[in-house]
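Report on one structure; see the data block that follows.
Just the heavy atoms: all of them, side chains too, but no hydrogens, waters or symmetry mates, feed the values below. All values reported here derive from a predicted model rather than from experimental measurement.
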Amino acid sequence: MKSKTLIASLFIAALPLFVFRVAAQHSEHPQGSMMSPDMMPQHQQMMSQHQELGGLIDQLSRSFAELENEKDSAVLKSKLAEHGALLK
């Protein structure tokens, strides 16, 4: 019982130090979400790449769904060969 009390009291004593450290780190960062003008072209490029990647992932998902639903083995082999060529 004494060890539980000791652990709890040490935890309560250390908690304010942790909270103070987190608050100090938070105050170092500038407030607001203003982006510097130099970052705008880079941000726009990242967003366009993100949209392109999202489109490719959607296309890949649809293509895999078609492969899973394909029943004809000859058609399946040709589609798999096409996918293999795209991945190389």
Problem - Test side chain to side chain contact (heavy atoms under 4.5 Å, CB included) applied to N69 - qualifying residues, sequence neighbours left out - result: none
Problem - Members besides I57 in its Ile/Leu/Val/Met/Phe/Trp/Tyr cluster (side-chain heavy atoms under 4.5 Å) - result: L53
Exercise for the section: Only counting residues at least two apart or in another chain, list the ones meeting salt bridge (Lys or Arg N to Asp or Glu O under 4.0 Å) with E70. Expected result: K79
Exercise for the section: Hey, could you give me the CE/CD distance between M47 and E52, rounded to the nearest 0.5 Å? Expected result: 13.5 Å
Practice task
Linking directly or through intermediates, with side-chain heavy atoms under 4.5 Å: list the remaining ILVMFWY members grouped with L76, chain and number order.
Solution key: L60, F64, L67, L80
Practice task
Would you mind listing every side chain to side chain donor-acceptor pair (under 3.5 Å) that reaches into residues 54-67, with sequence neighbours excluded?
Solution key: S63-H83
Problem - Within 6.0 angstrom of Q42 CD, more than 12 heavy atoms from elsewhere - result: no
